[in-house]
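Working notes, structure below.
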Amino acid sequence: MAAPVTVPFGHSERSTVGIEWEVALVDADSGDLRQAAEAILAAVQPAGGGEHPLITQELLLNTVEIRSGKCRTIAEATADLQRALDEVESVATPLRIQIMGGATHPFANWAQQKVTDKQRYATLIDRTQWWGRQMLIYGVHVHVGIEDRAKVLPLSRAMLTVFAHIQSLSASSPFWGGRDTGYASNRALLFQQLPTAGLPFAFEDWTQLEQYVGDMMHTGVIDQFDEVRWDVRPSPRFGTLEMRIADGASNLLEVAAISALTHCFVEHFSSMLDRGETLPTLPPWFAQENKWRSARYGMDAIIITNAAGDEELVTDAVGRWLVELAPVAERLGCAAELEQVRVILRRGASYQRQRAVARRHAGELDAVVRSLVAELKAGRPL
């Protein structure tokens, strides 16, 4: 066993929130992906040089990430995202580039995508080869500030009990390489093929996490902590718990709704800890099964709700949680955004809407791309 590596956890105010949203660059004429991130980022670069605070590069040149600053409310965070989106669109439009949400491009060929010229990305691709090159996927990541390091791992374990709720609502990747995969979230199962990705280990205390980091560094699996790519992970640099569960959203309303739900879950469980209550947990085998069920069946998933193995339709479970979390949302100032989860329940998740568009157009997936572009521009499900 290697020596553990100290992992300091940064200071953050409780329940501050930040959102990262990966979006695709598509050709306005063909609907295929454009390898234009470098041109976009150069055009939005601040006058003094350096990286834009809200617009950054990602693994592939067909992608930009827009992000919020450290915010008090979901409304503040989504306002940052809208400003960044407007700026990207202002420089993309003259280049005949449109911005598309969703977690996968319906028909793009993964083998034709180019990787950003950055050493850490080159190292990732060199190590992961075929699987790494297939990471033609987009996600939404939500950071929630945790004021006490002792809370981080209990909150991480508790979030695995509501993992399927977030993944099912956000599922937006039914198509891959021009075919219907049969999954609501193909992204979820693709991404976990990377080393250190997937569900986190259910560590009981911080020293176990530090031992894990020491072992991974000693054996050359990682060089730094942010190469741990779990679906729910501590972000020591920011003092947050980062939820990387959600598929890339096709519009800002759903970013706000799913982020509000995530924000409320963390605050709800944090309040339980304050009261000395035991947080809910699931055996790892149930958490893994729930991830697969929600990726496969989305809004029709029957999920396992507790260690006893009780089951419930995920949309029923979400409906119950919306009632329970209503006071939490009031406290966090995101009641309106949390209520938008009901729009997803009523209109269907993105993967359902994408399939409906494909059916209406005799399976033509360029129509699905047009609908995703239109949703992002409208800011809501269509």
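Counting from 1, the numbers follow the sequence of the chain as shown. Treat the numbers as computed from the prediction; the structure is a model and nothing was measured.
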Spacing of CG belonging to Leu95 relative to OG1 belonging to Thr93, to within rounding of 0.5 Å: 8.5 Å
Side-chain heavy-atom pair His105, Trp176 within 4.5 angstrom cut-off: no
Ion pair Arg96/Asp29, N-O distance below 4.0 Å: yes
Pairs touching residues 7-30 that satisfy ring-ring contact (aromatic ring centres under 6.0 Å, His included), sequence neighbours left out: Phe9-Trp206
Pairwise distance CD(Gln82) to CG(Leu252) - rounded to 0.5 angstrom: 5.5 Å
Spacing of CG belonging to Asp310 relative to OG1 belonging to Thr305, to within rounding of 0.5 Å: 5.0 Å
Chi angles and distances behind the side-chain contact (heavy atoms from CB on, under 4.5 Å) call for Glu87, His52: CA-CA 11 Å; Glu87 196 169 344; His52 193 290; 3.0 Å; yes
Contacts of Arg179 that satisfy side-chain contact (heavy atoms from CB on, under 4.5 Å) - sequence neighbours left out: none
Derivation of the side-chain contact (heavy atoms from CB on, under 4.5 Å) call for Met159 and Val266: CA-CA 7 Å; Met159 286 302 295; Val266 175; 3.9 Å; yes
Basic-acidic side-chain contact under 4.0 Å: Asp274, Lys151: yes
Ile99 reachable from Val368 in the ILVMFWY side-chain graph, under 4.5 Å edges: no
Donor + acceptor pair across side chains of Ser350, Gln354 (<3.5 Å): yes
Criterion side-chain contact (heavy atoms from CB on, under 4.5 Å) on Leu345 and Leu322, from CA distance to verdict: CA-CA 11 Å; Leu345 293 175; Leu322 290 178; 4.1 Å; yes
Min side-chain heavy-atom separation His141-Ile245 under 4.5 Å: no
Side-chain donor/acceptor pairs under 3.5 Å, residues 233-241, sequence neighbours excluded:
from: Arg233; atom 1: NE; to: Glu242; atom 2: OE1; distance (Å): 2.7
from: Arg233; atom 1: NH1; to: Asp226; atom 2: O; distance (Å): 3.2
from: Arg233; atom 1: NH1; to: Val228; atom 2: O; distance (Å): 2.5
from: Arg233; atom 1: NH2; to: Glu242; atom 2: OE1; distance (Å): 3.1
from: Thr240; atom 1: OG1; to: His143; atom 2: ND1; distance (Å): 2.8

Closest non-hydrogen atom pair between Pro381 and Val343, with its separation: CG-CG1, 4.2 Å
Pairwise side-chain contact, Glu22 with Val140, heavy-atom cut-off 4.5 Å (strictly under): no
Arg244 and Glu20: CA distance, side-chain angles, deciding distance, salt bridge (charged side-chain N to carboxylate O under 4.0 Å, His left out) verdict: CA-CA 9 Å; Arg244 302 157 56 88; Glu20 300 163 352; 5.5 Å; no
Rounded distance [0.5 Å steps], OG in Ser173 versus CG in Leu190: 8.0 Å
Common cluster, Tyr138/Phe175, ILVMFWY with side-chain heavy-atom separation under 4.5 Å: yes
Rounded distance (nearest 0.5 Å) linking atom CD1 of Ile258 with atom OG of Ser172: 8.0 Å
Any Arg347 side-chain heavy atom under 4.5 Å of Glu254 side chain: no
Residue list, side-chain contact (heavy atoms from CB on, under 4.5 Å) with Gln98, at least two apart or on another chain: Val26, Ala28, Val373
Test item: side-chain donor near acceptor, Thr207 and Asp205, under 3.5 Å: yes
Within one Ile-Leu-Val-Met-Phe-Trp-Tyr cluster: Ile166 and Leu325, side-chain cutoff 4.5 Å: yes
Test: Arg67 and Glu65 ion pair at under 4.0 Å: yes
ring-ring contact (aromatic ring centres under 6.0 Å, His included) involving Tyr212 - partner list, sequence neighbours excluded: Phe201, Phe203, Trp230
Joint cluster assignment, Val232 & Val213, ILVMFWY side-chain distance < 4.5 Å: yes
Heavy-atom side-chain contact between Ser270 and Leu155 under 4.5 Å: yes
Heavy-atom donor-acceptor pair, Glu227 side chain to Asp223 backbone, under 3.5 Å: yes
From Ile97, Leu33, Val23, Asp32, residue fulfilling side chain to side chain contact (heavy atoms under 4.5 Å, CB included) relative to Asn62: Leu33
Residue pair Leu160 / Pro200, side-chain heavy-atom distance below 4.5 Å: yes
CD1 on Ile66 to CD1 on Ile19, rounded to 0.5 Å: 10.0 Å
Test item: Gln112 side-chain N/O and Ala108 main-chain N/O as donor-acceptor pair under 3.5 Å: no
Partner set under side-chain contact (heavy atoms from CB on, under 4.5 Å) for Ala349, not counting sequence neighbours: Met299, Ile344, Tyr351, Gln352
Nearest non-hydrogen partners of Ala257 and Val341, listed with the distance: O-CG2, 3.6 Å
Pairs where residues 247-281 contributes a residue and the test ring-ring contact (aromatic ring centres under 6.0 Å, His included) is met, not counting sequence neighbours: Phe265-Trp321, His268-Trp321
Lys/Arg N to Asp/Glu carboxylate O, Asp247 vs Arg187, below 4.0 Å: yes
Residue pairs passing the salt bridge (Lys or Arg N to Asp or Glu O under 4.0 Å) test where at least one lies in residues 322-333, sequence neighbours excluded: Glu267-Arg331
Donor-acceptor contact below 3.5 Å, side chain Thr78 vs main chain Ala75: yes
Contact list for residues 152-161, test side-chain hydrogen bond (donor to acceptor under 3.5 Å, both in side chains), sequence neighbours left out: none
Polar side-chain atom of Gln211 near backbone of Ala2 as donor-acceptor pair, under 3.5 Å: yes
side-chain hydrogen bond (donor to acceptor under 3.5 Å, both in side chains) contacts in which one or both residues fall within residues 367-381, not counting sequence neighbours: Ser250-Glu375, Asn251-Glu375, Arg353-Glu375
Intermediate values then yes/no, side-chain contact (heavy atoms from CB on, under 4.5 Å), Met243 and Ser259: CA-CA 9 Å; Met243 273 58 62; Ser259 299; over 6 Å; no
Test side-chain contact (heavy atoms from CB on, under 4.5 Å) applied to Ala164 - qualifying residues, sequence neighbours left out: Asn290, Ser294, Ile303
CD (Gln288) with more than 12 external heavy atoms under 6.0 Å: no
Close side-chain approach of Asp86 to Arg83, heavy-atom, < 4.5 Å: no
Set of residues satisfying side chain to side chain donor-acceptor pair (under 3.5 Å) with respect to Glu312, sequence neighbours excluded: Arg320
Val318 with Leu332, same ILVMFWY side-chain cluster at under 4.5 Å: yes
